[in-house]
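For reference, the structure discussed in these notes is given below.
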Amino acid sequence: MAATATHERQGEYNRPPIPRSHFHRCLTFAPYYKNTENMALPMQAVSEWYAEVVERAGLAEHSPIRGCMTIKPYGWALWENIQRPLDEAFKATGHTNAYFPLFIPLSFLAREAAHVEGFAQECAVVTHYRIKTDPVTKSVAPDPEAELEEPLVVRPTSETIIWNTFKNWIRSYRDLPLLINQWANVVRWEKRPRLFLRTTEFLWQEGHTAHATAEEALAEARRMLDLYADFIQNYLAIPVVKGRKTPHERFAGAVETFTVETLLIDGKALQAGTSHFLGQNFAKAFEVRFLNAKNELEYVWATSWGVSTRLIGAVILSHGDEKGLILPPRIAPIQGVIVPIWRNEAEEKQVVEAAYRLADSLKKAGFRLHVDADPQHRPGWKFNEWEMKGVPLRLVLGPREVAEGTVEVAWRHTGEKRTLSLEAAIEAFPKWLETIQTELFQRAYQRIKASTFTVDSYDEMRTILEEKGGFILAHWDGNTETEIAIKEETGATIRCIPLEGSQEPGRCIYTGRPSVQRVLFARAY
RNA sequence: CGAGGCGUAGCGCAGCCCGGUAGCGCACCUGCUUUGGGAGCAGGGGGUCAGCGGUUCAAAUCCGCUCGCCUCGACCA
């Protein structure tokens with residue numbers, strides 16, 4: 001239907017489809033309604049759309065604590081479906097899981113100069129270990145007599161506590177490589193939080209590895225970058241650009257930061273994952289040395305890498321439309337929802353039974369099905385609800401279908417509806433999911449391709465950024481001052497120096513000085 | 001941290017200008033009819049009007065302060 005056509009029209013990546021179906025009362029999707037002129041959407045419109053989708057699809061809600069979200073059951077199920085294949089992939093590549101403390105002594109954080117400087121602005125600090133009720137005012141407050149000797153930082157990331165531990169785990173080259181991952185929550189006191197995309201507390205995995213040589217550590221960082229790119233593209237159906245960060249954008253304490261960047265439907269870029277080659281910075285800060293085969297003491301080489309609940313934000317802002325969420329089948333908590341329709345008790349019994357039979361046969365084949373036989377809501381309500389929640393396929397069974405031995409199938413991402421025999425539907429179901437997965441990726445790929453601009457003049461770059469956003473491939477002279485100047489004037493940052501694609505030299509778009517290759521600019525989250 | 005906006009029922013809002021019994025829609029409860037794209041009718045429950053202080057016979061409404069939230073910037077996975 002219209003959604004597909006609009007989505008696939010090139011050059012309109014930043015214009016989510018205008019409404020064709022009208023919503024009632026509480027369901028507004030303000031941005032789409034405001035967009036009746038089909039003008040480029042203001043960022044704010046997408047902002048409101050995003051907040052509404054997250055809430056109405058039941059993914060998460062704001063908690064009483066500023067910047068911290070409550071992840072609701074449906075959102076958590078989505079996160080589990082992201083975690084599971086990632087965890088399996090880490091294990092398949094030789095990593096093992098462990099868990100390190102939430103609290104980091106202030107002195108640990110201070111050991112690596114660049115690291116502490118990078119995180120200083122956003123650390124939550126625990127200073128007391130007891131609270132006390134004032135006998136007079138009855139107000140409860142930290143007990144001034146129970147102040148910690150050394151404040152504890154709530155981990156913004158775990159390099160320091162982990163390297164302090166690795167020191168005890170590593171003696172010789174035979175202990176290497178050490179390949180550890182942990183699933184954890186971290187806290188970064190963000191100025192401007194947004195559900196999933198930037199929350200004060202967020203969930204992630206952080207891999208930390210130790211190696212005998214620089215080459216091996218670098219290869220590990222690259223290997224995990226590739227793993228992230230494969231996962232995000234194959235499971236989340238989100239195309240990414242792999243690249244290196246500039247020194248200015250590099251992780252605090254890293255020698256080299258690799259990144260996977262994507263472009264969202266509002267034309268803004270998002271860093272979807274990072275992988276760092278840490279050199280010997282943390283080994284030196286925490287005195288982690290090993291004896292090599294020649295009985296010489298050497299500092300170990302390190303990597304760290306992570307992806308977070310931000311990926312859920314990326315999914316929402318890569319595939320969603322005016323009806324709400326669209327989830328890629330591989331991570332969808334519900335891959336197919338079965339809606340039975342009836343007019344009387346006899347029919348109810350018949351269609352609900354048929355619905356569960358259909359669900360069971362698909363569940364046996366390993367798929368995630370849900371039967372919505374809730375008598376509280378009518379079919380129309382359910383259709384809208386499950387579309388909002390992004391379920392890839394809807395299977396409708398009414399008296400008609402049961403009598404004919406058929407089922408009506410509706411595709412969430414295209415709006416297409418077809419009625420076919422039950423047997424044919426059961427047989428084709430797996431193939432449909434694969435097709436949807438592929439089409440979502442292709443659709444996103446076309447969108448990003450259509451909004452990636454190769455630009456040779458600064459004016460042109462500014463115009464594109466103002467009018468539509470998107471990725472801009474342009475030459476840069478490699479200087480941080482140039483990078484900062486461009487950011488201040490346009491709001492765009494260098495998202496990465498792409499690892500793949502053309503390497504042809506040129507002249508810096510800003511200074512005219514020589515450039516080795518084009519870099520990727522964008523306004524970003 | 002800067003700039004805007006908003007705090008009234010679970011949610012969305014009106015009432016405030018011009019002080020005088022706290023309202024509407026959705027949701028919720030009961031009953032009946034309904035069920036193929038967000039059902040209808042009837043009845044019902046639910047409020048320290050964000051908090052504190054001031055003015056007044058009387059404050060959701062006027063004045064002051066505080067707190068919280070959202071959006072937009074600077075900062076960041």
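Treat the numbers as computed from the prediction; the structure is a model and nothing was measured. Just so we're on the same page: letters track the sequence lines, and every chain starts at 1.
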- Message: Would the base of B:rG37 count as contacting A:K417 through its side chain, where contact means a donor and an acceptor less than 3.5 Å apart?
- Response: yes

- Query: If you measure from the P atom in B:rC75 to the same atom in B:rA39, how many Å do you get, rounded?
  - Reply: 48 Å

- Separation between the P atoms of B:rG7 and B:rA14, rounded to whole Å: 7 Å

- Rounded to the Å, how far apart are A:R343 CZ and B:rA39 C1'? 16 Å

- Nucleotide forming a Watson-Crick or wobble pair with B:rG10, both distances under 3.5 Å: B:rC26

- Item | Within 6.0 angstrom of A:E404 CD, more than 12 heavy atoms from elsewhere | yes

- Task: Return the value, rounded to whole Å, for the distance between atom CG of A:L264 and atom C1' of B:rA77.
- Result: 14 Å

- Task: Could you measure between the two C1' atoms, the one in B:rC6 and the one in B:rC13, and give it in whole Å?
- Result: 12 Å

- C1' atoms of B:rG15 and B:rG45, separation to the nearest Å: 23 Å

- Kindly say if A:K487 contacts the phosphate of B:rC75, meaning a side-chain N or O under 4.0 Å from OP1 or OP2. yes

- Message: Under a 3.5 Å distance rule, please check whether A:D87 uses its side chain to pair with a backbone N or O of A:Q83 as donor and acceptor.
- Response: no

- Query: Would you call A:E408 and A:R418 a salt bridge, taking side-chain N to carboxylate O under 4.0 Å as the test?
  - Reply: no

- B:rG45 - base-pair partner by Watson-Crick or wobble geometry, distances under 3.5 Å: none

- Query: Hey, would you say the A:W183 and A:W204 ring centroids sit under 6.0 Å apart?
  - Reply: no

- Note on the structure: Against the side chain of A:I341, the closest entry in B:rG38, B:rG36, B:rC72 is B:rG36

- Query: A:P379 side chain: which of B:rG37, B:rA77, B:rG36 is closest?
  - Reply: B:rG36

- Expressed in angstrom and rounded to an integer, what is the separation of A:E249 atom CD from B:rC75 atom C1'? 11 Å

- Report which part of the nucleic acid A:L270 touches: base, sugar-phosphate, or nothing (heavy-atom distance under 4.0 Å, all strands). nothing

- Taking atom P in both B:rU34 and B:rA60, what distance in whole Å separates the two? 47 Å

- Query: Contact class for A:V339 (heavy atom, under 4.0 Å): base, sugar-phosphate, or nothing?
  - Reply: nothing

- Item | Presence of salt bridge, A:R462 and A:E489, under 4.0 angstrom | yes

- Output yes when a side-chain donor or acceptor of A:N281 lies under 3.5 Å from a complementary backbone atom of A:G253, and no otherwise. yes

- Item | A:E387 side chain, from C-beta outward: closest of B:rG37, B:rU35, B:rA77 | B:rG37

- How far, in whole Å, is B:rC32 from B:rC69 if one measures between their P atoms? 46 Å

- Base partner of B:rA50, which must satisfy Watson-Crick or wobble distances under 3.5 Å: B:rU66

- Message: Considering every strand and a 4.0 Å limit on heavy-atom distances, what is the contact class for A:T199: base, sugar-phosphate, or nothing?
- Response: base

- Message: Please report the distance separating the P of B:rG46 from the corresponding atom of B:rA22, rounded so that it comes out in whole Å.
- Response: 14 Å

- Nearest-nucleotide 5' precedence on RNA chain B, A:K382 against A:G491: A:K382

- Message: Pairing check on B:rG2: which nucleotide meets the Watson-Crick or G-U wobble criteria with it, both distances under 3.5 Å?
- Response: B:rC72

- If you measure from the C1' atom in B:rC17 to the same atom in B:rC11, how many Å do you get, rounded? 28 Å

- Query: Is any side-chain N or O of A:R378 closer than 4.0 Å to OP1 or OP2 of B:rA39?
  - Reply: yes

- In whole angstrom, give the distance that lies between atom CG of A:N384 and atom P of B:rG36. 12 Å

- Item | A:E61/A:K72 under salt bridge (charged side-chain N to carboxylate O under 4.0 Å, His left out): CA gap, chis, key distance, verdict | CA-CA 7 Å; A:E61 62 189 31; A:K72 298 172 75 173; 3.4 Å; yes

- Message: Taking any heavy-atom pair under 4.0 Å as a contact, classify A:F251: base, sugar-phosphate, or nothing.
- Response: nothing

- Item | Distance in angstrom units between A:Q376 CD and B:rG38 P, rounded | 18 Å

- Task: Starting at atom CD of A:E55, determine the distance to atom C1' of B:rG12, rounded to an integer number of angstrom.
- Result: 10 Å

- Measure the distance from CZ on A:R192 to C1' on B:rU71 and round it to the nearest whole Å. 7 Å

- For the side chain of A:R198, starting at C-beta, report the closest nucleotide among B:rC76, B:rA74, B:rG38. B:rC76

- By nearest-heavy-atom nucleotide on RNA chain B, the more 5' of A:L197 and A:H377 is A:H377

- Sugar-phosphate only, base, or nothing, as touched by A:S308 at under 4.0 Å among non-hydrogen atoms: base

- To the side chain of A:R394, which of B:rG38, B:rG37, B:rU35 is closest? B:rG37

- The residue among A:D226, A:T274, A:L218 that forms side chain to side chain contact (heavy atoms under 4.5 Å, CB included) with A:F258 is A:L218

- Query: Within the modelled atom types, does a donor on one side and an acceptor on the other bring the side chain of A:R188 and the base of B:rC76 under 3.5 Å apart?
  - Reply: no

- If only atom types and distance count, is the side chain of A:R412 paired as donor or acceptor with the main-chain N or O of A:E387 below 3.5 Å? yes

- B:rG37 base stacked by A:W381 (centroids within less than 5.5 Å, tilt under 30°): no

- Task: Considering only NZ, NE, NH1 and NH2 on the basic side and carboxylate oxygens on the acidic side, decide whether A:E261 and A:K245 come within less than 4.0 Å.
- Result: yes

- Taking only heavy atoms on the protein side, list every residue of residues 397-406 of chain A lying under 4.0 Å from any atom of RNA chain B, sorted numerically. A:G398, A:P399, A:R400, A:E401

- When the distance from CD of A:Q121 to P of B:rC75 is rounded to whole Å, what number comes out? 12 Å

- Task: Under 4.0 Å between any heavy atoms, over every strand shown, what does A:E190 touch: base, sugar-phosphate, or nothing? Just pick one.
- Result: base

